[in-house]
*Asks:* 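First the structure, then my questions, so here it is.
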Amino acid sequence: MAHLEIEHHKGIATVTFDNPPLSVMTARTIQELHELLPELEADAVRAVVLTGSGEEYFVRHFSVEELDESAQGDGPAWEVNMDDVLLRLEHLPKPVIAALNGTALGGGLELALATDTRVAKDGAYRFGLPEISVGILPGGGGTQRLSALLGRHKALQMMWRAQLLTPQQALEHGLIDEMVDADTTERAVDRAQSIAAEIAARPALAVAHIKHLARHAANPVSREMLGEESRRFAELMRTPEAKALLAAVASDHRAERGG
C-alpha cells in the first residue's frame, strides 16, 4: 500500500499521507514524495496541499523503529536524501500548504515546516520537535526551519525542552498561520484548499516570483536581492496578463477622474 495518494482538482494537487496503524513517516514515505515531485512541478498544478488521512494525525513522527535499526547499524537504505526532497518541495514555484488534520511531531512537523502555509483545526493535537527525548536532534531540517520561522530563542526552547504546542499555542507562536474552530464542520484540509484556490487564481508567474524573492530575502536588505526584485518586476510588467490587468485598473481610475 502506498503511503501517499494524490488527487487533482481545478489546478490543486492534494497529497494525502496514510500509513496505518501508526501513521509514521518512513524512508519509503520520503521516496514516494520524491517520486511525486515531477507531478507537483507540472505547470498544470497551481497549488499543493499536504494532509493526513484521519482525524488524529497529520504525520505522527518519523518511524522510531527505523531510527532504532539505523542506530544499531542495520537500518533501511535511503534511496534519496530527505534534505534534498524537502528543499525541492519548499522551493516549488507555487504555494504549498499543510493541512494539519492532527498531531505532527518530529519528522511530521519537519515536513510541514517545508511548506509555505500551515492550517490546523483546534483540538487535542500537539505540534513539536521532541527528538531530544530520545537523545537525538531534528534531522530533517527542523533546527533550521523552526529557527527561521519562530526565531532562534523560541525554537531553542521548543527543541531543548521537547515542548509540544496545542493548536492555539502554535497559532500564537506563529508555527501555524490559521486555526479552524473545533465547533465547525470545516476541516483543516477544506480551509487549506480554499487558501490554495485563492492563490492559484492569481497570476502564476507573479506568485512564483514573489515566493522566490521572499524565500531569499536577506536581513539586512541586500543590494543583490533588490536588483533581483527589480529584474523580476520588469519581467512581469512585460507579460500580457499584467498588461491587461494594469490597463483595466488604470481605465477605472481614469474614469473616476473623468479623464
Side-chain angles (χ1 to χ4, degrees), residues 2-18 29-53 58-59 80 84-101 104 108 110-121 141 145 148-149 176-180 186-217 225 228-229 231-249:
H3 290 191
L4 300 176
E5 299 292 338
I6 187 167
E7 179 181 351
H8 295 272
H9 181 68
K10 295 183 177 179
I12 299 171
T14 299
V15 179
T16 302
F17 171 81
D18 187 19
T29 311
I30 299 302
Q31 176 64 29
E32 288 187 19
L33 181 56
H34 170 72
E35 292 169 358
L36 276 181
L37 283 170
E39 190 171 343
L40 300 180
E41 290 167 340
D43 290 342
V45 174
R46 301 290 296 272
V48 177
V49 172
L50 305 179
T51 193
S53 61
F58 168 68
V59 178
V80 294
D84 293 339
V85 174
L86 293 189
L87 274 172
R88 193 167 157 192
L89 177 73
E90 185 173 37
H91 290 286
L92 286 175
K94 58 197 72 177
V96 182
I97 302 171
L100 301 173
N101 56 298
E110 288 178 306
L111 172 61
L113 286 170
T115 68
D116 303 303
T117 303
R118 286 157 294 280
V119 179
K121 187 163 186 174
R145 291 189 177 95
L149 183 65
I176 64 173
D177 300 286
E178 290 194 21
M179 184 176 69
V180 179
E186 184 180 30
R187 302 172 300 164
V189 69
D190 297 329
R191 181 58 187 147
Q193 289 172 335
S194 177
I195 296 170
E198 175 190 342
I199 302 172
R202 305 288 186 182
L205 187 58
V207 168
H209 282 350
I210 289 169
K211 176 170 177 174
H212 175 88
L213 291 165
R215 285 281 185 184
H216 292 83
M225 287 309 300
E228 180 71 5
E229 181 185 77
R231 186 189 69 75
R232 290 175 184 249
F233 176 85
E235 179 185 347
L236 289 171
M237 289 283 284
R238 295 190 294 270
T239 63
E241 192 168 21
K243 288 180 180 180
L245 290 169
L246 286 167
V249 174

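Throughout, numbering of the chain's residues begins at 1 and tracks the sequence.
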*Asks:* Anything under 3.5 Å between a donor and an acceptor, one on a side chain of residues 236-246, the other on a protein residue two or more places apart or in another chain? List them.
*Replies:*
from	atom 1	to	atom 2	distance (Å)
Arg238	NH1	Ala234	O	3.4
Thr239	OG1	Leu236	O	2.7
Thr239	OG1	Ala242	N	3.3

*Asks:* Under the salt bridge (Lys or Arg N to Asp or Glu O under 4.0 Å) rule, collect the residues that match up with Lys211, sequence neighbours excluded.
*Replies:*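 Residues passing salt bridge (Lys or Arg N to Asp or Glu O under 4.0 Å) with Lys211: Asp116.
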*Asks:* Compare all side-chain heavy atoms of Leu111 with those of Leu89 and state whether any distance is below 4.5 angstrom.
*Replies:*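 Yes - at least one pair of side-chain heavy atoms lies under 4.5 Å apart.
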*Asks:* For Glu229, give me all partners under salt bridge (Lys or Arg N to Asp or Glu O under 4.0 Å), at least two apart in sequence or on another chain.
*Replies:* none
*Asks:* Between the main-chain N or O of Ala112 and the side-chain N or O of Arg118, is there a donor-acceptor pair closer than 3.5 Å?
*Replies:*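 Such a contact is found between Arg118 side chain and Ala112 backbone.
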*Asks:* Kindly indicate whether the side chain of Leu40, heavy atoms from C-beta on, has any atom under 4.5 Å from the side chain of Ile6.
*Replies:*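 Leu40 vs Ile6: side chains touch.
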*Asks:* As an exercise, state the distance from CG of Leu4 to CD of Gln31, rounded to the nearest 0.5 Å.
*Replies:*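 Between Leu4 CG and Gln31 CD, I get 11.0 Å after rounding to 0.5 Å.
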*Asks:* So, taking the atom named CG in Leu36 and the one named NE2 in His3, what distance separates them when rounded to the nearest 0.5 Å?
*Replies:*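 With rounding to 0.5 Å, CG (Leu36) is 12.5 Å from NE2 (His3).
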*Asks:* Scan the side chains in residues 195-209 for donor-acceptor partners under 3.5 Å anywhere in the protein, sequence neighbours excluded, and list what turns up.
*Replies:*
from	atom 1	to	atom 2	distance (Å)
His209	ND1	Arg232	NH1	2.8
His209	NE2	Glu235	OE1	3.2

*Asks:* Nearest 0.5 Å, please: how far is CE in Met225 from CG in Leu213?
*Replies:* 5.0 Å
*Asks:* Compare every heavy atom of Ala104 with every heavy atom of Gly108, then report the nearest pair and how far apart it is.
*Replies:* C-CB, 4.1 Å
*Asks:* Spell out, as yes or no, whether a donor-acceptor pair under 3.5 Å connects the side chain of Asn101 to the backbone of Gly52.
*Replies:* yes
*Asks:* Can you pull out every salt bridge (charged side-chain N to carboxylate O under 4.0 Å, His left out) where at least one residue sits in residues 84-101? Sequence neighbours excluded, please.
*Replies:*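 Found Glu41-Arg88, Glu90-Arg145, Glu90-Arg215.
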*Asks:* With rounding to the nearest 0.5 Å, note down the distance linking CG in Asp177 to CG in Leu149.
*Replies:*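 Rounded to the nearest 0.5 Å, the CG-CG separation comes to 7.5 Å.
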*Asks:* Within this structure, what is the NE2-CG distance for the pair His91 and Leu86, rounded to the nearest 0.5 Å?
*Replies:* 10.5 Å
*Asks:* For a quick test of reading the model, state the closest non-hydrogen atom pair linking Phe58 to Ala98 and the distance between them.
*Replies:*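 Closest heavy-atom pair between Phe58 and Ala98: CZ-CB, 4.4 Å.
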*Asks:* Would a 4.5 Å heavy-atom cut-off, applied to side chains only, mark Val180 and Arg187 as touching?
*Replies:*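 In short, these two side chains do not touch, never coming nearer than 4.5 Å.
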*Asks:* Which heavy-atom pair separates Thr51 from Ala99 by the least distance, and what is that distance?
*Replies:*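 Heavy atoms only, the tightest pair is OG1-O, 3.1 Å.
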*Asks:* For a quick test of your reading: what N or O donor-acceptor pairs under 3.5 Å do the side chains of residues 8-18 make, sequence neighbours left out?
*Replies:*
from	atom 1	to	atom 2	distance (Å)
His8	NE2	Glu39	OE2	2.6
Thr14	OG1	Gln193	NE2	2.9
Asp18	OD1	Ser53	OG	3.0

